[in-house]
Amino acid sequence: LQLEKSNKHNNIGDKPDLNSDTPAATGQFQGGNGWQTVKFQSSKKGRLLCLEALSTQSGDDVVAIAEIYALGADGKRLSREPWTTKYADSENENGNHTGDKVYDLQESTYWQTVKGAGFPHLLVIDLGSEQTVSGVEYLPRAEQGAPGSVKNYKIYIK
């Protein structure tokens with residue numbers, strides 16, 4: 001008997017301990033549609049990009065992110081080809097809204113958490129190798145009002 005493997009990325013052993021780490025950036029995204037850029041005060045080296053969503057623009061508990069890019073030391077987008085989803089605390093698998101949708105080159109697909117899962121929401125991307133990261137570009141869902149848009153966030157590079 002072969003059981004179908006889950007598409008979810010919620011193995012607790014893959015969740016990084018961020019308690020003693022200093023975020024590369026903390027802040028608030030603007031509401032609405034369109035790309036937003038977060039530039040770090042100083043570049044960080046690491047293999048994991050960890051985005052912790054602390055709240056949404058609408059005040060509900062469902063987060064949705066269409067696309068993410070990491071910016072290299074030169075400020076240009078790093079290749080997402082080697083990326084994998086290391087961990088996501090919540091993924092709406094019913095709608096095929098798993099963590100890997102944030103780097104699938106399709107702005108119409110997105111990672112979305114499950115209603116009622118509670119904050120904070122954590123998405124961890126393995127960049128494939130150690131990288132120097134100077135910032136992040138974030139794109140909320142493309143629909144009118146950008147449902148699930150992150151408001152308050154912390155970004156870590158580990």
Side-chain angles (χ1 to χ4, degrees), residues 1-38 46-71 77-78 80-128 133 135-158:
L1 179 67
Q2 290 189 353
L3 298 176
E4 189 174 321
K5 186 180 180 292
S6 170
N7 290 331
K8 291 189 177 185
H9 304 92
N10 60 356
N11 180 352
I12 198 66
D14 290 334
K15 181 181 180 182
D17 179 8
L18 302 174
N19 290 326
S20 61
D21 291 356
T22 302
T26 60
Q28 282 188 354
F29 288 116
Q30 298 297 311
N33 299 98
W35 284 97
Q36 297 184 46
T37 303
V38 175
R47 182 177 178 130
L48 301 178
L49 166 62
C50 311
L51 188 137
E52 189 174 43
L54 307 173
S55 64
T56 60
Q57 298 291 337
S58 63
D60 65 11
D61 66 351
V62 177
V63 167
I65 299 174
E67 294 288 315
I68 293 176
Y69 277 98
L71 303 176
R77 291 176 170 179
L78 296 173
R80 299 187 304 179
E81 195 170 318
W83 289 18
T84 57
T85 304
K86 179 80 171 165
Y87 179 82
D89 74 297
S90 177
E91 295 171 290
N92 184 348
E93 192 175 31
N94 291 336
N96 193 22
H97 301 300
T98 52
D100 55 326
K101 301 303 182 248
V102 302
Y103 55 87
D104 68 355
L105 299 173
Q106 297 182 52
E107 295 180 4
S108 62
T109 63
Y110 49 90
W111 167 57
Q112 181 173 293
T113 61
V114 176
K115 185 170 181 56
F119 287 102
H121 289 300
L122 179 63
L123 179 65
V124 180
I125 305 297
D126 184 334
L127 303 174
V133 182
V136 168
E137 290 181 350
Y138 155 81
L139 182 68
R141 277 178 64 181
E143 291 85 1
Q144 183 175 354
S149 294
V150 176
K151 183 174 183 181
N152 295 297
Y153 66 84
K154 291 181 183 178
I155 300 171
Y156 299 85
I157 303 296
K158 279 186 73 78

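Source: prediction; values computed, not measured.
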Q: Would you name the heavy atoms of G59 and T56 that are closest together and state the gap between them?
A: N-OG1, 3.1 Å
Q | Closest non-hydrogen atom pair between Y156 and D21, with its separation | A | CE2-O, 3.6 Å
(Q) Under the side chain to side chain donor-acceptor pair (under 3.5 Å) definition, can you give me all pairs with a residue in residues 28-38, not counting sequence neighbours? (A) Q28-N152
Q: With rounding to the nearest 0.5 Å, note down the distance linking CH2 in W83 to CG in L78.
A: 7.0 Å
Q) Looking only at heavy atoms, what is the nearest atom pair of Y103 and R80, with distance? A) CA-NH1, 3.5 Å
Mind listing the side-chain donor-acceptor pairs of residues 121-128 below 3.5 Å, one per line with the distance, residues two or more places apart or on another chain?
unit_1: H121; atom_1: ND1; unit_2: D89; atom_2: OD2; d: 3.0
unit_1: H121; atom_1: NE2; unit_2: D61; atom_2: O; d: 2.9
unit_1: H121; atom_1: NE2; unit_2: G118; atom_2: O; d: 3.4
unit_1: D126; atom_1: OD1; unit_2: R47; atom_2: NE; d: 2.7
unit_1: D126; atom_1: OD1; unit_2: G128; atom_2: N; d: 2.8
unit_1: D126; atom_1: OD2; unit_2: R47; atom_2: NE; d: 3.2

Q | Point-to-point distance, once rounded to the nearest 0.5 Å, from CD1 of I68 to CD1 of I155 | A | 8.0 Å
Q. Which class fits the ring pair H97 and Y110: parallel under 30°, tilted 30 to 60°, perpendicular over 60°?
A. parallel
Q) Out of curiosity, Q112 CD to I65 CD1, how far, rounded to the nearest 0.5 Å? A) 11.0 Å
Q. Can you tell me if T113 uses its side chain to pair, donor with acceptor, with the backbone of V63 under 3.5 Å?
A. yes
(Q) Restricting to non-hydrogen atoms, name the atom on D60 and the atom on S58 that form the minimum distance, rounded to 0.1 Å. (A) OD1-OG, 3.1 Å
Q) Of the non-hydrogen atoms in P147 and A64, which two are nearest, and what is the gap between them? A) O-CB, 3.6 Å
Q) Taking Q57 for the side chain and F29 for the main chain, is one N or O donor matched with an acceptor at less than 3.5 Å? A) yes
Q: Give a yes or no on this: more than 12 heavy atoms of other residues, nucleotides or ligands lie within 6.0 Å of atom NZ of K158.
A: yes
Q) Can you check whether V150's main-chain N or O pairs, donor with acceptor, with Y138's side chain at less than 3.5 Å? A) yes
Q.
More than 12 heavy atoms of other residues, nucleotides or ligands under 6.0 Å from CD of Q144: yes or no?
A. no
(Q) So does V114 get a backbone contact from the side chain of S90, meaning a donor-acceptor N/O pair under 3.5 Å? (A) yes
(Q) Checking the side chain of E67 only, and the main-chain atoms of Q106 only, is there a donor and an acceptor separated by less than 3.5 Å? (A) yes
Q) Do E91 side-chain atoms and G99 backbone N/O form a donor-acceptor pair below 3.5 Å? A) yes
Q: First locate atom CD of E107, then atom CZ of R141, and finally report the distance between them rounded to the nearest 0.5 Å.
A: 14.0 Å
**Q.** V133 and L49, any side-chain heavy atoms less than 4.5 Å apart
**A.** no
Q. Could you give the distance from SG (C50) to OH (Y153), rounded to the nearest 0.5 Å?
A. 15.0 Å
Q | Considering all heavy atoms, the nearest A146-G32 contact | A | CB-O, 3.6 Å
